[in-house]
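Contents: one structure, followed by commentary.
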Amino acid sequence: MSTLSPPPTPTHAEDSHDLARFGYRQELERSLGSFSSFAAGFSYISIMTGVFQLFGFGFASGGPAVFWTWPLVFIGQLAVALCFAELAGQFPLAGSVYQWSKQIAGPGTSWMAGWIMSIGAIVTAAAVAVAYQIILPQVSLAFQIVGGPADAGLTSTPNGAKNAILLGLGLVVFTTIVNIVGVRLMAKLNNLGVAVELIGVTLLIIMLAVHIKRGPQVVLHTAGTGAGHSWGYLGAFLVASLMSAYVFYGFDTAGALAEETKQPRLHAPRAILRALTAAFIAGGLLMLVGMMAVGDINAKEIGTLGMPYLIKSTLGTGLGDAFLVCSAIAITVCCLAVQTAAIRLIFSMARDGRLPWAAAISRVSPRSRTPMVPALLTGVLTIALLLVNIGNQRVFYILTSVAIILFYIPYLMVTAPMLLRRLRGEWPREGHGPHFNLGRWGLPVNVFAVLYGAAMTVNLAWPRAAVYGNDHWYFQWGAVVFTAVITAVGLGLYLLRRNSAPPQEQPLTEDQSFSTGA
């Protein structure tokens, strides 16, 4: 009986040749394996960052039934991730969403997708960095440099907000230095951080399960949070969904590092889906078991201090602090992954000549094999954003909402053009190859991804007092105004540069080569 031998594993030279078919040279260091690719997407999602940072907000807004926002948002983002997985297998290029949009949409769409997402990544890095304030002062008051015990773990007080900025600045400086040193150091730290997070959250779920005091029906309780909403509990539920929406994005990072990943056509699609699914399972179990185990499910501290309070009140201070340290590590690598993805996106756009001073921005250091200018640029802009908002406690929810919106819009700039190509019979392309393919499920999944993305964008941008307050219009409309300004500036820059746009701004197939201008 004959047996089929496995296909040969592509070599580094073959990966570089594959990249050359798109007209790019292998400048970045291709050293990441399958786990590193998965870790990049998982650390960006980072349940021990997002859930720890925003569970309190979600619980205060929707009560224990906030749990149901988790599977609903996951289903929507899974549809988006499945579309991205198809694209990652076809276009293994640095820059993910920008490159995917460039290949299947027009130059204006790809420019806006890259521009908005670049700003979104910087806002996300700032939003992640301030999460240190939720964790570190609850481990030790030594981290509450500004203010006192009453501010520990809070961003809702003036001193808590100032301390959040201070801790965040230190984190951004660290991640910038790591990204300047090179992708090998970034990957080692990221892999270690993800391993700690996976082990930590698994042990945490087990330890909380030992202390279960009530059944899973707790997630059916709304705690009266629908009172005061014109839509009743549905209004509260939509507000609470901000928590889940904040966690479930950034999974495209595996695609952003495609030019530094071995066999990216194989690993990137799988990494995108594995990262999202692993976060869904672990985060869902953490919230469910946590609410079943906490002593007083009606304690107001759950809505103010969030998951750190739930853990410490259930497991005790010593063991609780150990898990909070794991969360702090997860926040560190999450911020690192966010900045790394932003660097690759800016580098990819500059390499195509789509940014001012493109030659300098796209230059790769021959020593570290890293785009140095984008690393410095993202670090400086994130620090500037933090400093501008020092002492303003309201800004943290605005930052969170804006960060999510500025990802959902570029995601739509990929899934919507992809849907149009499906309807025209142009996707999957002829000769799609053995890479990830949704087959007959492609159209319904793509339709759902677009509908979900549009609906959630409206939900996030909705200027309601429950999220932004109603004392000043510029707070309540902050997310809308900021997003509109970023979009208008990007459109203006595109129109100014359109007449001098290089040839490579046209949509390409992998069989077309073009000059990178690098």
Side-chain angles (χ1 to χ4, degrees), residues 46-60 124-177 193 196-197 200 204 243 246 290 294 296 299-336 338 379 382-400 403 469:
S46 186
I47 55 173
M48 292 191 82
T49 299
V51 173
F52 275 59
Q53 185 178 15
L54 282 179
F55 177 76
F57 170 83
F59 189 90
T124 297
V128 170
V130 299
Y132 261 177
Q133 173 64 15
I134 308 296
I135 304 300
L136 293 180
Q138 295 201 63
V139 174
S140 171
L141 286 176
F143 291 103
Q144 191 64 47
I145 302 168
V146 179
D151 304 299
L154 298 174
T155 59
S156 56
T157 64
N159 284 332
K162 291 176 183 177
N163 198 69
I165 299 296
L166 190 61
L167 295 176
L169 290 173
L171 175 55
V172 174
V173 169
F174 171 76
T175 58
T176 302
I177 292 173
V196 169
E197 182 170 7
L204 178 56
M243 177 203 72
Y246 177 59
V294 68
D296 182 5
K300 62 179 178 55
E301 290 86 356
I302 301 178
T304 56
L305 298 175
M307 188 61 69
Y309 168 81
L310 186 153
I311 292 170
K312 293 182 72 171
S313 66
T314 304
L315 302 182
T317 301
L319 193 56
D321 284 345
F323 286 113
L324 294 189
V325 170
C326 291
S327 176
I329 294 172
I331 292 169
T332 303
V333 296
C334 177
C335 191
L336 179 61
V338 171
T382 305
I383 288 171
L385 183 59
L386 289 170
L387 290 174
V388 165
N389 294 294
I390 192 166
N392 185 355
Q393 60 266 36
R394 183 76 57 77
V395 78
F396 298 107
Y397 289 134
I398 297 177
L399 274 178
T400 299

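Side chains are part of it too, since the values below use all heavy atoms of this structure and drop only hydrogens, waters and symmetry mates.
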Quiz item: Taking only residues two or more places apart in sequence or in another chain, which ones pass side-chain contact (heavy atoms from CB on, under 4.5 Å) with Ile331?
Solution: Thr49, Val128, Ala131, Tyr132, Ile135, Leu171, Ser327
Quiz item: Can you name the side-chain contact (heavy atoms from CB on, under 4.5 Å) partners of Ala384, sequence neighbours left out?
Solution: none
Determine whether a donor-acceptor pair (N or O, by modelled atom type, separation under 3.5 Å) exists between the side chain of [X] and the backbone of [Y].
X: Thr314; Y: Ile311; answer: no
X: Gln144; Y: Val146; answer: yes
X: Gln133; Y: Ile165; answer: no
X: Asn163; Y: Phe143; answer: yes
X: Asp321; Y: Gly318; answer: no

Distance from [X] atom [atom1] to [Y] atom [atom2], nearest 0.5 Å?
X: Phe57; Y: Tyr246; atom1: CZ; atom2: OH; value: 12.5 Å
X: Leu324; Y: Leu204; atom1: CG; atom2: CG; value: 9.0 Å
X: Met48; Y: Phe323; atom1: CE; atom2: CZ; value: 7.5 Å
X: Leu310; Y: Phe52; atom1: CG; atom2: CZ; value: 9.0 Å
X: Ser313; Y: Asp296; atom1: OG; atom2: CG; value: 9.0 Å
X: Thr157; Y: Asp151; atom1: OG1; atom2: CG; value: 3.5 Å

Might you point out which heavy atoms bring [X] and [Y] nearest each other, and give the distance in Å?
X: Leu385; Y: Ala126; value: CD2-CB, 3.8 Å
X: Gly200; Y: Cys326; value: CA-SG, 4.4 Å
X: Met243; Y: Phe55; value: SD-CA, 3.6 Å
X: Val172; Y: Ala129; value: CG2-CB, 4.0 Å
X: Ala142; Y: Ile145; value: O-CG1, 3.9 Å
X: Glu197; Y: Ile47; value: OE2-N, 3.2 Å

Exercise. Would you please test Leu169 and Leu387 for side-chain contact (heavy atoms from CB on, under 4.5 Å) and show each step?
Key: CA-CA 8 Å; Leu169 290 173; Leu387 290 174; 3.7 Å; yes
Exercise. Return the set of residues passing side-chain hydrogen bond (donor to acceptor under 3.5 Å, both in side chains) with Thr382 (not counting sequence neighbours), or none when no residue passes.
Key: none
Exercise. Taking the side chain as every heavy atom from C-beta outward, state whether Pro308 and Ile134 have any pair of such atoms under 4.5 Å apart.
Key: yes
